[in-house]
Structures are given as C-alpha cells and as structure tokens.
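Scroll down for the structure; my scribbles are underneath it.
Starting from 1, each residue takes its place in the sequence as its number. One-based numbering, in listed order, for ligands and for the atoms of each.
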Amino acid sequence: MKRAIFPGSFDPFTIGHYSIVKRSLSLFDEVIIAVGINQTKKPQFTIEQRKDIIGQAFSQEMRVKIMEYNCLTVDFALEQKADYILRGLRSVSDFEYERTVADANKRLTGIETVMLFTDTQYSFVSSTVVRDLIAYGKDISDFLPPNVKI
Ligand code: ADP
C-alpha cells in the first residue's frame, strides 16, 4: 500500500492543489491531505473551514483522507505510516525551497518527497491570490476545485 501525505497550509485549498492530488492518485493508493495548524502566519480560514473545503472537493474520492497536524511534517508522515511526501512545483523559487526541505526530510527519516509539476493552466494559482481576490470582493470560483462553495 503506497501512502503519501500532502502537507500544506491550504489557506484556502485551490484548484492547483486539487490538480496535484488528483494526478497523484495514479501513483499512490492513498493520499492524506495534511492541513498544518502550526503556522507562524495567521491563517485567514480556520482549520475547520480549510478541512471543509477539501472535504467538499473530495467527497467522492475514498482514497483521499483529510487530517490536521501540529508537528514536524516528517513526524506526522511517520505517525501515519506514509512513505512519501507529495508537493507541487510551480516555479524555480518553489524548486529551491522544496529541494532544501526534501533533502532535510530525507536525511532525517529516509522519507522520499515526490514533486509534481503544476499543470501549466494552474501555474498562476495560489492561496495568496485567492485571499487577495476575496478581500476585493471578486469571484473566485475559477480558482477553487469543482464542487466547492466557500
Ligand atoms: P505551504 O505553506 O506548505 O507551502 P501551500 O498550501 O501554499 O502550503 O501549498 C502546498 C503545496 O501545494 C506546495 O507544495 C505548493 O508548492 C503546492 N502548490 C500550491 N499551489 C499550486 C499550484 N497552483 N500548482 C501546483 N502546486 C501548487
């Protein structure tokens, strides 16, 4: 059984995140979307709202689980008996950051990080853009996964 965790702040979960998880289901038997609550930045959406949005997106997908965590990501991966950490890459700056973290995680625990490149149509989508659009009262439905209402 190949299990991965997909950790992030998901503030909120976007169509970019959704696309990464959907595509990863051809690689993994189970994907745990792990919503981090130990963030230094104050989130706009509560942990319950963030989990609810993800739940709406994957209500028909039994192989996707949603959990919250409040510890080091690798410790959470070990606790869940996951052998892989899934991440998405949009840009060179994502790459530099992700590579450093992945190296550290591998050194600490042996857990491999699997990175998928963003689907190019979503390369500009980020939680930050969605939060900005909300602040100015704009329609964000194109930035959210299908079947999600905020
Ligand atoms: P974090 O705060 O841990 O970076 P995010 O919620 O911002 O959490 O992102 C979680 C993961 O999703 C990261 O690997 C990020 O690079 C990836 N990601 C975010 N937006 C996109 C997108 N549009 N396409 C592909 N991957 C993305």
Has ligand 1 got any nitrogen or oxygen that is less than 3.5 angstrom from a nitrogen or oxygen of [X]?
X      : result
Phe10  : yes
Pro7   : no
Ser9   : yes
Asp11  : no
Tyr122 : yes
Thr118 : yes

At a 4.0 Å threshold, what atoms of ligand 1 neighbour a non-hydrogen atom of [X]?
X     : value
Arg87 : 1 (P), 3 (O), 4 (O), 10 (C), 11 (C), 13 (C), 14 (O)
Asp94 : 16 (O)
Phe6  : 11 (C), 12 (O)
Ile20 : 25 (C), 26 (N)

(message) For Arg90, is there any backbone N or O sitting under 3.5 Å from a side-chain donor or acceptor partner on Asp94?
(response) yes

Original post:
Checking Glu96 side chain against Ser93 main chain: does a donor-acceptor pair fall under 3.5 Å?
Top reply: no

Do the side chains of Gln80 and Met67 get nearer than 4.5 Å, heavy atoms only?
yes

Practice task
Report yes if some heavy atom in the side chain of Phe143 is under 4.5 Å from a heavy atom in the side chain of Leu133; otherwise report no.
Solution key: yes

Should [X] be listed as contacting ligand 1, given a heavy-atom distance under 4.0 Å as the test?
X      : result
Phe117 : no
Thr14  : no
Glu98  : yes

Is it true that the side chains of Asp11 and Ser9 contain a donor and an acceptor less than 3.5 Å apart?
no

ask   = Do Phe10 and Phe45 have ring centres separated by under 6.0 Å?
value = no

Note to self: I'd like to know whether the aromatic ring centres of Tyr84 and Phe28 sit less than 6.0 Å apart in this structure.
What the structure shows: yes

The reported gap from CD in Glu30 to CD1 in Ile5 (rounded to nearest 0.5 angstrom) is 12.0 Å

The answer for which part of Arg90 has a heavy atom under 4.0 Å from ligand 1 is side chain

To atom 23 (N) of ligand 1, the nearest of Thr120, Val130, Val125 on a heavy-atom basis is Val125

Tested for ring pair (Phe, Tyr, Trp, His ring centres under 6.0 Å) against Tyr18, the lone hit among Phe6, Phe58, Phe13 is Phe58

So, Arg3 and Asp83, do they make that salt bridge, N to O below 4.0 Å? no

